[in-house]
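Counting starts at 1 for both ligands and their atoms, following the listed order.
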Amino acid sequence: MAQKVVLLDLMASPFGALVRIGFAEKGVEYERMEEDLSNKSTLLLEMNPIHQKIPVLIHNGKPICESSVILEYIDEVWSGNSHLFPSDPYERAHTRFWIDYIGQNIYNKASAFAYKTTSVEMQEAAKKELVKCYKVLEEELGNKPYFGRESFNAIDITLIPFYTWFHSLEKLGLKIREECPKIVEWSERCMKRETVSKSLLSPESTYEVVLYLRNELLSGN
Ligand SMILES: N[C@@H](CCC(=O)N[C@@H](CS)C(=O)NCC(=O)O)C(=O)O
Ligand SMILES: *[C@@H]1O[C@H](CO)[C@@H](O)[C@H](O)[C@H]1NC(C)=O
């Protein structure tokens, strides 16, 4: 059967980006539809009525929501190529644990630091929390080339989209290169993969988005 694969997406979204990397790793062809989050499409509202968020994968008309769920689905459906998740149940649980940790922490803390806080004190607190999370991840990485295993896998895919934020973090006063050198080194290793570099917005464009969101908040929109 011909597969119809549609992704409701937003180029600047780290959650959208991880799905794009998953598809690229699997060599899956799909139609990407860019959403305007200030004017969501009726398709998005129909396909993800609960959260009304991107990314949404629509596979032969059926929606799959939540980036981590989508990534695992992609791995199961297009199972022929290299695997993104380990097959061993314990290893798989370990992978899910770290994906959840990243999902619960990095975006919230990075956005709090970069554009969601209105006072210097709140921003400083968010900065400390973000660095703390990255240090936890650095500890988990240890001296391995990739998270969890020897090869590039689902944990790496989930975390790497935030690489494009590092430029913004530095601009806003978080010296990520000094604070977490191993994470930066790991990121640069991942960025050498075309599946990754081609799926991400540039650091400069990411910074423009950050400044735009920051101004929106300050002007009370
Ligand atoms: N937990 C969700 C988070 C997705 C998410 O936060 N998407 C944002 C864009 S980065 C969104 O669609 N926001 C629209 C809104 O909140 O109305 C996932 O992993 O898919
Ligand atoms: C919202 O999107 C619809 C269709 O996607 C478009 O026709 C409409 O002009 C948009 N409205 C605004 C305010 O951008």
Provide the number and element of each atom of ligand 1 under 4.0 Å from a heavy atom of L37.
-> 9 (C), 11 (C), 12 (O), 13 (N), 14 (C)
Any donor-acceptor N/O pair, S219 side chain to E216 backbone, under 3.5 Å | yes
Please test F166 against Y207 for ring-ring contact (aromatic ring centres under 6.0 Å, His included), starting from the C-alpha separation and ending with a verdict.
-> CA-CA 9 Å; F166 287 176; Y207 187 48; over 10 Å; no
Parallel, tilted or perpendicular, as decided by the 30° and 60° cut-offs, for the rings of W78 and H59 | tilted
Using only heavy-atom distances, determine whether the side chains of Q104 and D100 contain a donor-acceptor pair under 3.5 Å.
-> yes
Taking only Lys NZ, Arg NE, NH1 and NH2, and the carboxylate oxygens of Asp or Glu, determine whether E188 and K192 approach each other closer than 4.0 Å.
-> no
E66 to ligand 1: N or O pair under 3.5 Å?
-> yes
Pick whichever of K40, K53, Q104 has a heavy atom sitting closest to atom 17 (O) of ligand 1.
-> K40
The closest protein heavy-atom partner of atom 19 (O) of ligand 1 is S67 OG, 2.6 Å
Taking NZ, NE, NH1 and NH2 as the nitrogens, is one of them in E129 or K109 under 4.0 Å from a carboxylate oxygen of the other?
-> yes
Hey, does E35 sit under 4.0 Å from ligand 1 if you only count heavy atoms?
-> no
For P55, the atoms of ligand 1 under 4.0 Å from one of its heavy atoms are 20 (O)
Of all protein heavy atoms, the one nearest atom 10 (S) of ligand 1 is S13 OG, 3.2 Å
Partners of R193 by side-chain hydrogen bond (donor to acceptor under 3.5 Å, both in side chains), sequence neighbours excluded?
-> E25
Taking both backbone and side-chain atoms of S68, is any N or O found less than 3.5 Å from an N or O belonging to ligand 1?
-> no
Quick one: which of S199, C190, S197 gives a side chain to side chain contact (heavy atoms under 4.5 Å, CB included) with I160?
-> C190
Can you name the one residue among T95, D156, N153, L71 that meets side chain to side chain contact (heavy atoms under 4.5 Å, CB included) with L84?
-> L71
Option whose closest heavy atom lies nearest to atom 5 (C) of ligand 1, chosen from I99, I70, V69, I54 | I54
Does a side chain donor of either E208 or Y212 reach within less than 3.5 Å of an acceptor in the other side chain?
-> no
Nitrogen or oxygen contacts under 3.5 Å, ligand 2 side and protein side:
from, atom 1, to, atom 2, distance (Å)
ligand 2, 2 (O), N39, ND2, 2.3
ligand 2, 11 (N), N39, ND2, 2.8
ligand 2, 14 (O), N39, ND2, 3.3

